[in-house]
Amino acid sequence: MPEKELFEAIRREDVIIFAGAGFSKYAGYPLGGELAAILHATLPADLQAEISPQLPLDYLTEEIVRKMGGSRDFLNETLDNIFTAAPISLTDHEAVASIPHFQTIITTNYDSLFEQAYGMRANTIFRNDQVSTWDDKKVNIIKIHGDLSDKETIILTREDYSRFYRLDYASPFWASVIQKISTKHVL
């Protein structure tokens, strides 16, 4: 889409933002491969020796959970330590928040950087039971890979992704995501 048309679509509030890990990179948060390296480096020495550091993130985390007897405590604690640390910067998130024409943000990020940038104007949705809280007077932040505040919603391991792809896309949560991406321009 040419720049002029994009700006017109934004002014019409006809654009939603889709943000992945790369959007939080400048704030000091890791991309997937970097997260895998951090997780591996913080494992106890015996598990570091047993689990290959070359595994992709979803396989690595699946192996960590398996080796830890099915417990996700290590993953949850590490994610909390990483993604609740103060960001280096909120500049890009604040720049987006300064544009009043974005009413929906869809993200795969667990962090709360958009919520911090939007403050009281943010409405976060990451579960079916939250779809009814949709608020047209706020910016609705849809977290398709979950949120740190509810560890059961986090999509991280191979099994999580497998379950993610088997989801009922007619559920209220996914119906709202599909409705937005099928009726708006995605940036």
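Hydrogens, waters and symmetry mates are skipped; everything else that's a heavy atom, side chains included, is used.
- With sequence neighbours left out, the side-chain contact (heavy atoms from CB on, under 4.5 Å) criterion links Val65 to Arg72, Leu75, Thr157.
- Distance alone, capped at 3.5 Å, places no donor-acceptor pair between the Lys137 side chain and the Arg121 backbone.
- The side-chain contact (heavy atoms from CB on, under 4.5 Å) search around Asn81 returns Glu77, not counting sequence neighbours.
- By the side-chain hydrogen bond (donor to acceptor under 3.5 Å, both in side chains) test, Arg12 pairs with no residue at all, sequence neighbours left out.
- Heavy-atom contacts from other residues, nucleotides or ligands closer than 6.0 Å to OH of Tyr59 number 12 or fewer.
- Counting only residues at least two apart or on different chains, no salt bridge (Lys or Arg N to Asp or Glu O under 4.0 Å) pair has a member in residues 88-104.
- Residues satisfying the side-chain hydrogen bond (donor to acceptor under 3.5 Å, both in side chains) test with Gln116, not counting sequence neighbours, are Ser112.
- Looking at residues two or more places apart in sequence or on another chain, you find a side-chain hydrogen bond (donor to acceptor under 3.5 Å, both in side chains) between Tyr26 and His93.
- Under the side-chain contact (heavy atoms from CB on, under 4.5 Å) criterion, Thr133 pairs with Asn123, Ile125, Gln130, not counting sequence neighbours.
- Ionic pairing of Arg127 and Asp129 is present here: one or more N-O contacts between side-chain nitrogen and carboxylate oxygen are shorter than 4.0 angstrom.
- For the atom pair Lys138 NZ and Thr104 OG1, the distance stands at 14.0 Å (nearest 0.5 Å).
- Here Val96 sits in one hydrophobic cluster together with Met1, Leu6, Phe7, Ile10, Val15, Ile17, Phe23, Ile99, Phe102, Ile105, Phe114, Tyr118, Val139, Ile141, Leu187; the rule is ILVMFWY side chains under 4.5 Å apart, joined directly or through other members.
- Members clustered with Ile88: none, using a 4.5 Å side-chain heavy-atom cutoff among hydrophobic residues.
- Residue pairs meeting the side chain to side chain donor-acceptor pair (under 3.5 Å) criterion with at least one member in residues 27-48, sequence neighbours excluded: Lys25-Glu34.
- A search for side-chain contact (heavy atoms from CB on, under 4.5 Å) contacts involving Pro172 returns Asn128, Val131, not counting sequence neighbours.
- Trp174 is linked by a side-chain hydrogen bond (donor to acceptor under 3.5 Å, both in side chains) to nothing, counting only residues two or more places apart in sequence or in another chain.
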